[in-house]
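Only this structure's heavy atoms are used, side chains among them; waters, hydrogens and symmetry mates stay out. Counting starts at 1 for both ligands and their atoms, in listed order. Numbering starts at 1 and runs along the sequence shown. Given the structure is predicted, the values throughout are model-derived calculations rather than measurements.
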Amino acid sequence: MKKHNFSAGPSILPQEVIKQAAAAVLNFNNSGLSLIEISHRSAPFVDVMDKARKLVLELMGLENKGYSAIFLQGGASLQFLMVPYNLLKVNGKATYLDTGTWASGAIKESKYVGTTEVLASSKDKGYNYIPKNFEIPTDADYFHCTSNNTIFGTQIKEFPVSPTLMVCDMSSDIFSRELDFSKFDLIYAGAQKNMGPAGTTLVVVKDEILGKSGRTIPSMLDYQIQIAKESMYNTPSVFAVYTSMLTLQWIKDMGGIAAIEKINNEKARILYAEIDSNPNFIGFAAKEDRSFMNVTFNLADESKKERFDSLWKAAGIEGLKGHRSVGGYRASIYNALPLESVQVLVDVMKQL
Ligand SMILES: *Cc1c(COP(=O)(O)O)cnc(C)c1O
């Protein structure tokens, strides 16, 4: 039986996508060859890469607007370094919003590259909210934020207006809600939360911001080289890119981001409604900053843990355990998780 998969990442993918990907591993496009045994420079795979890059810009409404989409390796974690390498000018300054573990990771790497200022942090309250009253200095080279904090379950609902370049780690809520993506100069996302399997990272960047840092950038870390080589400076992770392409096509076929967002809103609404009305549960994140992707909560009475755990396991639910740094529970309700799975979880919560 297929489990109700609430894993935080790697995480659920649409069942159709998994079937198509599995078929392509056995026989890609009826070629008599596996997807994972052909040259990445063969025409059928070049088509896959082109299609994936095109779908990204199309879904984001960024076609013909001076943006490039590339698929890289090294995870979102390598973007923590690539962003300052490419955008932090020699003698310049980078600014960051510290909203949790991933944001802190990005800040750490930026400090290796140059002057890095943290404008605000929610560390004082265990990262359970999004800081709002801060000003982005006009002389900063860029402002970096994390749209959705996967571990703590908070999400930026309204992005600050930035007088400088706007960079965002959207790893765990990419393609989950409509945004004016043209307000961002660089967006990155590891595939394995909301877009595909582990092994590739999407970067969407405005071309005109590149090449201005004044530093020498090693080739693999240079966005301009990666763009010029169309994501094939080195061998791309073919399976991860192919499966991401299938997921992007699935989003498009569902009616695009707007249609997915409607379902996501409904899933979040019914789950948070249960947390708020059921005295057995306490939500972790500040209400106005609650994530619509990672729903974090605790038991009011820890002695009910064993019973709750056995109830959800018996219902075929998987991956509900909170991150090791926070504890409690985390239900990741990414794009591919059906509404029905959330209903199963809510029913289990009612039984406690
Ligand atoms: C998972 C995650 C990362 C790290 O991704 P890797 O691909 O493992 O490097 C970074 N940022 C956010 C918001 C994440 O959820």
Worksheet item: Under 4.0 Å from any heavy atom of T146, which atoms of ligand 1 are there?
Response: 13 (C)
Worksheet item: So is N148 in contact with ligand 1, going by heavy-atom distances below 4.0 Å?
Response: yes
Item to complete: Heavy-atom contacts with A76 under 4.0 Å: which atoms of ligand 1 show up? List them by number with element.
Response: 3 (C), 4 (C), 5 (O), 6 (P), 7 (O), 9 (O), 10 (C)
Worksheet item: At the 4.0 Å heavy-atom cut-off, does M170 count as touching ligand 1?
Response: no
Practice prompt. Report the nearest protein non-hydrogen atom to atom 9 (O) of ligand 1: residue, atom name, distance rounded to 0.1 Å.
Written response: S77 OG, 2.6 Å
Fill in: Mode of Y188 contact toward ligand 1 - side chain, backbone, both, neither (heavy atoms, under 4.0 Å)
neither
Worksheet, complete the sentence: Nearest non-hydrogen protein atom to atom 15 (O) of ligand 1, with distance, is T150 OG1, 2.4 Å
Worksheet item: Mind checking whether Y329 and F308 have ring centres under 6.0 Å apart?
Response: yes
Worksheet item: Among F281, Y272, F284, which one satisfies ring-ring contact (aromatic ring centres under 6.0 Å, His included) with F297?
Response: F281
Discussion item. When you compare the side chain of F159 with that of C168, does any pair of heavy atoms fall below 4.5 Å?
Written reply: yes
Worksheet item: Less than 4.0 Å between a side-chain N and a carboxylate O, is that true for K212 and D141?
Response: no
Practice prompt. Output yes when the distance from some N or O of ligand 1 to some N or O of G74 is under 3.5 Å, and no in every other case.
Written response: no
Worksheet item: Considering only protein heavy atoms, which is closest to atom 11 (N) of ligand 1, and at what distance to one decimal place?
Response: D169 OD2, 2.6 Å
Worksheet item: What is the closest protein heavy atom to atom 8 (O) of ligand 1, and at what distance does it sit?
Response: Q192 NE2, 3.4 Å
Worksheet item: At a 4.0 Å threshold, what atoms of ligand 1 neighbour a non-hydrogen atom of G75?
Response: 7 (O), 9 (O)
Item to complete: Output the list of atoms in ligand 1 that are nearer than 4.0 Å to some heavy atom of F80, sorted by atom number.
Response: 10 (C)
Worksheet item: Where do A21 and L246 come nearest, in terms of heavy atoms and distance?
Response: N-CD1, 3.7 Å
Worksheet item: To which protein heavy atom is atom 4 (C) of ligand 1 closest, and what is the distance rounded to 0.1 Å?
Response: W102 CZ3, 3.5 Å
Fill in: V46 vs M232, side-chain contact (heavy atoms from CB on, under 4.5 Å): CA-CA, chis, key distance, verdict
CA-CA 9 Å; V46 170; M232 297 220 194; 4.1 Å; yes
Worksheet entry | Side-chain ion pair, D47 and K51, N-O less than 4.0 Å | no
Practice prompt. Note the single closest protein heavy atom to atom 2 (C) of ligand 1, along with its residue, its atom name and the distance in Å.
Written response: K193 NZ, 2.6 Å
Worksheet, complete the sentence: Under 4.0 Å from one or more heavy atoms of S171, ligand 1 contributes atoms 10 (C), 11 (N), 12 (C), 13 (C), 14 (C), 15 (O)
Could you list the donor-acceptor pairs under 3.5 angstrom formed between side-chain atoms of residues 88-96 and any protein atom two or more places apart in sequence or on another chain?
{"residue": "K93", "atom": "NZ", "partner": "E117", "partner atom": "OE1", "Å": "3.2"}
{"residue": "K93", "atom": "NZ", "partner": "D139", "partner atom": "OD1", "Å": "3.4"}
{"residue": "T95", "atom": "OG1", "partner": "Y142", "partner atom": "O", "Å": "2.8"}
{"residue": "Y96", "atom": "OH", "partner": "Y142", "partner atom": "OH", "Å": "2.7"}

Item to complete: Could you name each residue pair satisfying salt bridge (charged side-chain N to carboxylate O under 4.0 Å, His left out) that touches residues 320-346, not counting sequence neighbours?
Response: none
Worksheet item: NZ of K157: more than 12 outside heavy atoms within 6.0 angstrom?
Response: yes
